[in-house]
Amino acid sequence: MELVEVITKTGKYRGILLPSGEIFDRGFIILKLENGYNIRIRKSQVKQIKRIKKLPQPKQERGKEIKFEESLPVVSILSTGGTIASRVDYLSGGVHASFELSDILATVPELLKLAQLRSKVVMQVMSEDMHVGLWKRIARAVFEELTKEDVDGVVVTHGTDTMHFTSAILSFVLRNLNKPVVLTGSQRSSDRGSSDAFLNLICSVKAATLDIAEVMVCMHGSSHDDFCYLHRGCRVRKMHTSRRDAFQSINDKPIAKVFSDGKVEFLNTYRRRDESRIKLDLKLEPRVALIYSYPGADPGIIDFFIDRGYKGIVIAGTGLGHVPTSFKKYSFIPKLKRAYEEGVAVCITSQCLFGRTNPYVYRNLRLVSMVGKAIYCEDMLPEVAYCKLIYVLGKTKDLDEVKKLMLTNMAGELKERSEFHDQAGTF
Amino acid sequence: MGIDYKKLGVKIGLEIHQQLDTHKLFCSCPSILRNDPPDIRIRRRLRAVAGELGEVDIAAKEEEIRRKKFIYEAYSDTTCLVELDEEPPHQVNEEALAIAVEIARMLHMKIFDELCVMRKVVIDGSNVSGFQRTMLVAENGYIECSFGKVRISLLALEEEAARKISEGEEEQVFRLDRLGIPLVEIRTEPDMSTPKEARECAERIGLLLRMTGKVKRGIGTIRQDVNVSVRGKGRVEIKGVQDLRHLEKIIENEILRQLSLDELSQRYSHLLRHKFECKDISHIFTNTKCEMIRKTLNSGGKVLCMKIPDFRGLMKWEIQPNKRLAQEILEYISSFSRIKGFIHRDELPGYGISETEVLRIEEHIKSKENDNFILIFGKEEEAIEALRLAYERLIELIKYGGINEVRGVKEDLTTRFMRKLPGASRMYPETDLPPVKIKREMLTSRLPETPEEKIKKFIKLGLSPELAQQIVRSEKLEWFEELVKEFKGVRGSLIAKLLFNSLENLKKKGLDVSQVRKEDIKQLLRLLSEDKIVFEACELVLEEFLKTGEEISEIIVKRKLTKLSKCEVRKIIRELFAGKNLKELGLQRALNIAMKELRGRAEYPTVEKCVRELFKQ
């Protein structure tokens, strides 16, 4: 960084020259003035830039040895990117990824009392950019940590947009899970004092030390900085674009509440740690699509995926699991039939999210399930069905077998009983 | 008290914060403060995190030492997820931006083409996000004052902080109705050298802001921070002066404080070599009569002591009116610590601490005749921390003379320590918003009249220069201008008289003139311009209106305040003086009698004419 004096046609400005990296910065130079403000000066206005002096790089204490209490459980934190692992980047004026354990502990010293932490950066990916290949990398990294004798639990930090996809796929590929795997993230970037990252991390690390052998998502339970919910990884969904408590368990209660002081309140049944040997099953079929049914939807979308060689399609149907069937131009039935004949698995979920699909209530449903041979996925979330189908098609392409597996509960993603709650859209 | 400010090299700069009268800066919520019970209460915490340049700001870190829980109160119908920090900011409010640009132009400032929205780190809880959004709009302007030009260094558009409702030991309560109200910050150079100049400049800027007609008015809608330095030393920033009438006194007090502390720092530099020490002297107080200490010891606390060599008597030195040095130290301690127990040698024996106990303390810490000491009692850990704070503060005061800090105003118009002056790393870019473009229209729109232009215009309307001045400064300026425009048939001076003199008269009679709406005044002016009433009736009607709450038209009928025709006036006067000896009465007395009878129903010239007619006959 350099302290400069910029002389323009109308004045002089003294400040630190910041590189301008953003799209809207073209044609401008950006200067941080001594009073802290950044200003933008049109390059065409600049007459001269006088270099005054080079500024020393801010000291960064990297790789500093941190002493943990040895009696504490060991928790590995794997970072995959996203807002939780972001710091202010003056280079671009934006947020950039950084996951330095010493940084985290400086801000969240409470963690020192909860566990001996290890951290590793697996990747730096914003979660909207995830794909099956990256899921595999995350799964391998988690598996590697889980197989370490001294590791008691794993926390995965992740961008929030698709965290529930990652938690779902991990729920299936990590077989015989015997330790907690906790995914967490943040809705407010961790460069700000008000970030939800801090509480989420505290509760996640705590959760990773508990006697729960499940893949979970740990995020704010409310708008308060009081507690987080531990959601079952294959029952959770991001339900708000920006609120801290965006993540909700759907069609199932969260496993537990974890409070900022480490207190835990269990709300549901869960799998405990045991002596089973964990297995990683990464035979996956990435050629699976997730599509939406809507009025006027073009059934040709099914042809498109079949023609592209897809092996499975999950449809988020309307209501109990409908797709258009009555009018010839819009009917999905011929397309579903074609899919079945060509060995492409079609699974039906509901875009209502809350509640269970049903293949028989209406004639149209019967058409879809009996003529179209589509698999009705009970009370499974569309995203979870998508991940599960990727997993199941990795084992078999036999459609009867696929159906059987899709409807067999593997990680808590399915339930036969639908519990009553006061309001439809809550759990 | 004749302080020669110029000789002392006093420099004063102002930071003026003015709320704008529009909806909020980064969302569409209305800018209204409410006192009804809020329906939302959110509990949050804030932490200090590394800033843009990789360093945690000192001021930010200090706040964290005092880390508390924050409760945010809000209303679901007038606050939204943006204030609750649950949704990214919306695009900047264009109306507010236009006002800010207009003010910058009135201050002859250079306006930037595009603005960077910045986050100013504030973790005292008053901003839910942990930062205040602010953008530098313009720089390098000036305002003319009677003593010369005052340079304006910058104008920023920022969001107002949340309103503190209460502060407890564990938690602070803020209300979000105020958070996000657009605020213009105007910073001057330290071009003022006396408190009086500072007040004049603040008033001029305030007046200029009001000329836009788009700024909020009333208590708390404009606040001044004042920077004061003496003899070219570092500055002290005094926060949040709300009433300009106090500005001079506050500055004067602060100058006295800095002068005293400067003297301290010159005379007692030997103390800088003194190391921190902390002696546990609890055992001395096993049988103490000091209630506070006994309570502390009974609950397992300790009494700690620190010697201050060659400092006897100085703790009670009055560094400014009503303020002793000890208080300066205590205020510092209590802004970081909960400790209440603080006693120094200069107030002993006292508080139930006996002469013998004092002697034993002095013996124990090997105190000489001229030495002073500080006692702090409470929970051991807290007491050690507090004693360390006391030491830190004393050394700082001697080293720097109590400058480079932010201070708050107390009721007695002295100031108290709030925090150290923050550094520049308190700001980093708001990553949720792109740069803000200044539109051409904003730079070319017509500017409002300056106060001077308005005064000239009013004098032309027939107002006295004094009244014209008064109107320009008054809250009713906008009413006046609107009414003058609307009622061209009524003389401007009458409108001014009605708005200012008549209402003032009624106020003096103890009536609540705030009940008078613009519409009521308009109704009167309409009647006046239609020649239905006389000017004198207006005040009578308003008085009745305020007393009874009846309709204006009703009052006029009831009280017979309709304007009389000349014939009617003549008739009444004839009847009034029928059979009286006019000569004996004299013209003047007759006129008085007639005016009294006809008050509010006829104008003086008409009455005079009719009376004179009668006399001629």
Side-chain angles (χ1 to χ4, degrees), chain A residues 1 10-11 13 16 18 22-25 28 30 32-42 45 55 57-60 86-90 92-95 98 103 106-109 187-199 222-226 240-246 260, chain B residues 40-56 60 63-64 69-70 72 81-82 84-88 110 112-123 127-131 134-136 139-140 153-154 156 187 422-432 434-435:
Chain A
M1 270 183 301
T10 51
Y13 304 94
I16 300 167
L18 301 181
E22 288 274 356
I23 321 156
F24 35 69
D25 288 345
F28 283 92
I30 300 171
K32 188 181 184 71
L33 302 181
E34 268 162 14
N35 60 24
Y37 281 101
N38 286 11
I39 58 165
R40 301 161 62 76
I41 307 173
R42 255 178 232 289
Q45 294 286 310
L55 296 173
Q57 281 291 320
K59 269 180 278 166
Q60 275 180 338
S86 55
R87 288 285 176 275
V88 177
D89 180 11
Y90 54 84
S92 62
V95 184
S98 150
D103 278 359
T107 315
V108 198
Q187 289 280 80
R188 296 283 94 71
S189 59
S190 54
D191 56 87
R192 48 166 101 191
S194 59
S195 172
D196 52 332
F198 313 127
L199 179 69
S222 69
S223 189
H224 308 284
D225 282 331
D226 287 354
H240 197 278
T241 56
S242 58
R243 278 181 62 146
R244 288 165 169 73
D245 54 355
S260 54
Chain B
I40 301 170
R41 264 174 85 87
I42 302 288
R43 296 178 296 275
R44 294 275 172 77
R45 303 205 127 188
L46 287 176
R47 284 165 197 264
V49 290
E52 187 186 15
L53 295 174
E55 298 148 31
V56 175
E63 293 288 355
E64 203 193 6
K69 283 180 195 155
F70 301 112
Y72 295 111
L81 289 187
V82 174
L84 284 163
D85 189 39
E86 287 284 36
E87 185 173 294
K110 196 182 158 321
F112 293 100
D113 301 346
E114 284 196 7
L115 316 180
C116 304
V117 185
M118 304 295 290
R119 296 171 170 179
K120 194 191 282 177
V121 176
V122 181
I123 60 166
N127 288 75
V128 186
S129 56
F131 51 74
T134 174
M135 58 202 108
L136 182 61
E139 50 148 42
N140 225 348
S153 38
L154 69 83
R187 210 180 288 172
S425 66
R426 267 164 92 80
M427 273 200 242
Y428 67 99
E430 167 56 83
T431 46
D432 296 343

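What you see is a predicted model; the values in this text were computed from it and never measured. All heavy atoms count here, side chains included; hydrogens, waters and symmetry mates do not. Reminder, nothing fancy here: chain letters follow the sequence lines and each chain counts from 1.
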Side chain, backbone, both or neither: which part of [X] has a non-hydrogen atom closer than 4.5 Å to chain A?
X	result
Thr134(B)	both
Asp432(B)	side chain
Leu115(B)	backbone
Arg187(B)	side chain

Atom pair [atom1] ([X]) and [atom2] ([Y]), whose distance is rounded to the nearest 0.5 Å:
X	Y	atom1	atom2	value
Arg43(B)	Asp225(A)	CZ	CG	10.0 Å
Leu199(A)	Arg45(B)	CG	CZ	9.5 Å
Phe112(B)	Arg40(A)	CZ	CZ	12.0 Å
Ile39(A)	Cys116(B)	CD1	SG	8.0 Å

Locate the shortest heavy-atom distance separating [X] from [Y]; write the atom from each residue and the value.
X	Y	value
Thr10(A)	Lys110(B)	OG1-CE, 2.8 Å
Lys32(A)	Met427(B)	NZ-O, 2.8 Å
Gly36(A)	Met118(B)	O-CE, 3.4 Å
Ser242(A)	Pro88(B)	CB-CD, 3.8 Å

Item to check | Heavy-atom check, side chain of His240(A) versus side chain of Leu81(B), under 4.5 Å | outcome: yes

Next on the checklist: Would you say that Pro109(A) contacts Arg47(B) through its side chain, given a criterion of any heavy-atom pair below 4.5 Å between the two side chains?
Outcome noted: yes

Next on the checklist: Apply side chain to side chain contact (heavy atoms under 4.5 Å, CB included) to residues Tyr13(A) and Glu139(B) and explain how you reach the verdict.
Outcome noted: CA-CA 11 Å; Tyr13(A) 304 94; Glu139(B) 50 148 42; 3.1 Å; yes

Item to check | Under 4.5 Å from a heavy atom of chain B, the part of Arg188(A) involved | outcome: side chain

Checklist outcome for this item: Most heavy-atom pairs under 4.5 Å with chain A, out of Val128(B), Leu136(B), Ile42(B), Asp85(B), belong to Asp85(B)

Next on the checklist: Using a 4.5 angstrom heavy-atom cutoff, name the option from Glu87(B), Lys120(B), Glu114(B) with the most pairs to chain A.
Outcome noted: Glu114(B)

Checklist entry - Charged N to carboxylate O below 4.0 Å: is that the case for Arg119(B) and Asp191(A)? => result yes

Checklist entry - If you measure only the distance, is there a donor-acceptor pair under 3.5 Å linking the side chains of Arg44(B) and Ser223(A)? => result yes

Checklist entry - Asn38(A) and Tyr428(B): side-chain hydrogen bond (donor to acceptor under 3.5 Å, both in side chains), yes or no, with the steps? => result CA-CA 8 Å; Asn38(A) 286 11; Tyr428(B) 67 99; over 6 Å; no

